[in-house]
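As a basis for the values below, the full set of heavy atoms in this structure was taken, side chains included, without hydrogen atoms, waters or symmetry mates. Letters A, B, ... mirror the listed sequences (proteins, then strands); counts begin at 1.
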Protein chains: 2
Amino acid sequence: MKAALDAKKTVREYKKKLIIEAAAKLFYEKGFQKTTLDDIASSLGVTKPFVYTYFNSKYSLLEELFDVVYSDLYQGVVGLLEAEEGSPSERLVAFTKVYLLKNIEQRSFTAILLEEEKNLSPEKIEAIRKTQKEFDNKLAALLRDGVRRGEFEVRDTAVASLAISGMVRWAHRWYSPAGRLSPEQLCDEMADLALKLAGAKCQSGVASAAPGKGGTATGRAAPRRRRAAAK
Amino acid sequence: MKAALDAKKTVREYKKKLIIEAAAKLFYEKGFQKTTLDDIASSLGVTKPFVYTYFNSKYSLLEELFDVVYSDLYQGVVGLLEAEEGSPSERLVAFTKVYLLKNIEQRSFTAILLEEEKNLSPEKIEAIRKTQKEFDNKLAALLRDGVRRGEFEVRDTAVASLAISGMVRWAHRWYSPAGRLSPEQLCDEMADLALKLAGAKCQSGVASAAPGKGGTATGRAAPRRRRAAAK
DNA sequence: CGAAAAACATACCATATAGTAGCCATTCCT
DNA sequence: AGGAATGGCTACTATATGGTATGTTTTTCG
């Protein structure tokens with residue numbers, strides 16, 4: 001009896017997830033306002049009232065979508081920022097790689113966070129901004145830690161942390177799976193840039209697993225392609 | 001007669017500009033779809049048909065808005081990228097400062113470019129993306145030039161240029177006129193970060209007009225505030 | 001096997017808003 | 001001053017879409 005109830009609940013959660021995913025796909029393609037509930041329903045092969053048995057309104061669907069995506073985006077990444085083990089350089093590299101990977105691999109989701117925020121209620125927007133600020137502060141704290149330990153050299157850690165956030169979160173606008181670099185290569189590259197931005201003393205050895213022939217590599221992108229060089 | 005016609009034309013252009021500005025303000029606050037033409041009209045103290053004597057449709061209004069804002073955003077900045085005079089470092093610093101300044105001082109406009117792009121026609125979106133790509137390429141070319149001349153040290157100039165773009169264009173999401181730093185200070189700071197990102201050999205002297213007591217300043221933001229430290 | 005309840009569809013309503021037709025006033029030229 | 005033309009407004013329509021009331025099918029359980 002209890003098991004049956006749980007199973008039902010699980011099914012319900014699963015269907016909810018399916019709806020959210022279908023909605024996200026459409027929101028990403030057409031935007032929230034231009035996506036109708038009929039669109040969402042028919043993309044799942046169901047009808048509008050079906051959606052309404054899971055969500056009270058179009059708005060609440062968007063709100064839950066934001067909750068899911070944000071919690072997934074921050075999941076684990078915040079841990080990397082706050083971790084006690086590892087040098088600041090290592091933590092910055094790990095953070096940048098994971099954060100960027102999430103941003104590009106799920107860019108249909110992360111893009112929505114940026115483009116549809118206006119459709120949320122003012123309270124929700126405020127809450128999100130507040131969380132975002134705390135997140136930024138954690139990154140700034142990591143940079144400060146690095147400076148204190150003499151690993152980094154940053155004049156204004158607040159600005160630097162926002163710069164790093166920016167270069168990562170901008171990626172969804174230009175990244176393409178068909179691009180020249182694999183996601184992992186891109187993440188390595190960006191992590192290296194984050195280190196340089198932080199003025200890390202011993203940068204390019206930390207970021208890439210294969211440190212080439214010692215020291216920093218100069219010149220254009222070397223012919224180290226792991227995937228077809230498209231475009 | 002001809003002069004009178006010109007005057008009329010000028011007035012018309014001016015009113016058009018006013019409409020676009022009013023629309024931009026509302027699009028920034030509420031988003032394109034949630035802003036009605038009645039909203040725009042009444043914010044100007046006129047009525048909807050007035051707007052329709054200047055624009056064929058709500059869509060064409062948005063399109064012209066994009067044209068105006070993009071041309072203003074790129075105005076001058078592209079020149080800095082392509083300039084023949086000046087070292088790559090100087091050009092990168094100048095570019096970053098001006099580009100960032102435009103992005104933050106007119107963030108209600110530049111934010112629209114990012115958040116309302118979906119509402120344009122596919123053709124228009126493609127055209128914008130193409131222009132954007134050319135722009136990115138110009139920045140990458142500047143970086144390559146710097147590498148060639150030995151001023152910069154960048155492994156992948158394409159990725160680095162996108163990182164710089166990102167850190168600049170992300171600013172509209174966190175910048176506040178009430179913030180700790182003045183726009184100029186912020187631009188100096190960011191320009192410095194761009195140099196570091198490019199691996200410039202002699203970075204911190206070029207960016208700031210007042211080079212402090214020689215060399216790079218470490219530690220947190222020094223007490224060099226020119227405006228009230230809010231928050 | 002039969003009844004009840006859950007799951008989902010059909011058909012509908014109310015509302016908001018892009019866009020328009022026709023009217024009034026103001027200005028400008030002769 | 002008178003008439004014409006421009007500029008702008010009042011009032012309307014058509015349509016799209018969020019949301020719902022009611023029906024129908026399927027499943028579940030005694």
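Within the cation-pi definition used here (under 6.0 Å to the ring centroid, within 45° of the axis), Lys15(B) does not qualify as a partner of Phe50(B). The side-chain tip of Lys58(A) points at the ring of Phe32(A) from less than 6.0 angstrom away and within 45° of straight on.
What separates OH of Tyr54(A) from P of dG18(D) is a distance of 20 Å, to the nearest Å. For the pair Phe50(B) CZ and dA11(D) P, the interatomic distance rounds to 20 Å; values are reported in whole Å. Distance Leu44(A) CG to dA9(C) C1': 15 Å, rounded to the nearest Å. Tyr52(A) has its OH atom 23 Å from the P atom of dA6(C), to the nearest Å. Between the NZ atom of Lys16(A) and the C1' atom of dA7(C) there is a distance of 17 Å, given to the nearest Å.
Note that the CG atom of Leu197(A) and the CG atom of Leu193(B) stand 5.0 Å from one another [nearest 0.5 Å]. Distance check, rounded to the nearest 0.5 Å: CD of Glu189(B) to CG of Asp156(A) gives 4.5 Å. Of the inter-residue distances, the one linking Thr110(B) atom OG1 with Asn103(B) atom CG reads 4.5 Å to the nearest 0.5 angstrom.
Against DNA chain C, the stretch residues 33-43 of chain A makes no heavy-atom approach under 4.0 Å. For the segment residues 58-69 of chain A, residues with any heavy atom less than 4.0 angstrom from an atom of DNA chain D are, sorted by number, Lys58(A).
Checked against side-chain contact (heavy atoms from CB on, under 4.5 Å), Ala24(B) has the following partners two or more places apart in sequence or in another chain: Leu65(B), Phe109(B), Ile112(B). Annotation: side-chain contact (heavy atoms from CB on, under 4.5 Å) contacts of Ser71(B) (sequence neighbours excluded): none. Applying the side-chain contact (heavy atoms from CB on, under 4.5 Å) criterion to Ala23(A), with sequence neighbours excluded, gives Phe27(A), Ile40(A), Leu61(A).
Side-chain contact of Glu105(B) with Tyr175(B): a donor-acceptor pair under 3.5 Å is absent, judged by distance alone.
Salt-bridge check for Asp67(B) with Lys124(B): passed, with a basic side-chain N closer than 4.0 Å to an acidic carboxylate O.
The only option from Glu134(A), Glu126(A), Lys133(A) that meets the side-chain contact (heavy atoms from CB on, under 4.5 Å) definition with Lys130(A) turns out to be Glu134(A).
The side chain of Lys15(A) places an N or O atom within less than 4.0 Å of a non-bridging phosphate oxygen (OP1 or OP2) of dC8(C).
Residue contacts for Ser57(B): at a heavy-atom cut-off of 4.0 Å it reaches the sugar-phosphate backbone alone, with no base atom in range.
Taking five base pairs at each end of the helix from dC1(C)-dG30(D) to dT30(C)-dA1(D) and finding the rotation axis that steps the C1' atoms of four pairs onto the next four gives two axes whose angle is 10°, to the nearest 10°.
The base of dA18(C) sits within donor-acceptor range of the side chain of Lys48(B), with an N or O pair under 3.5 Å.
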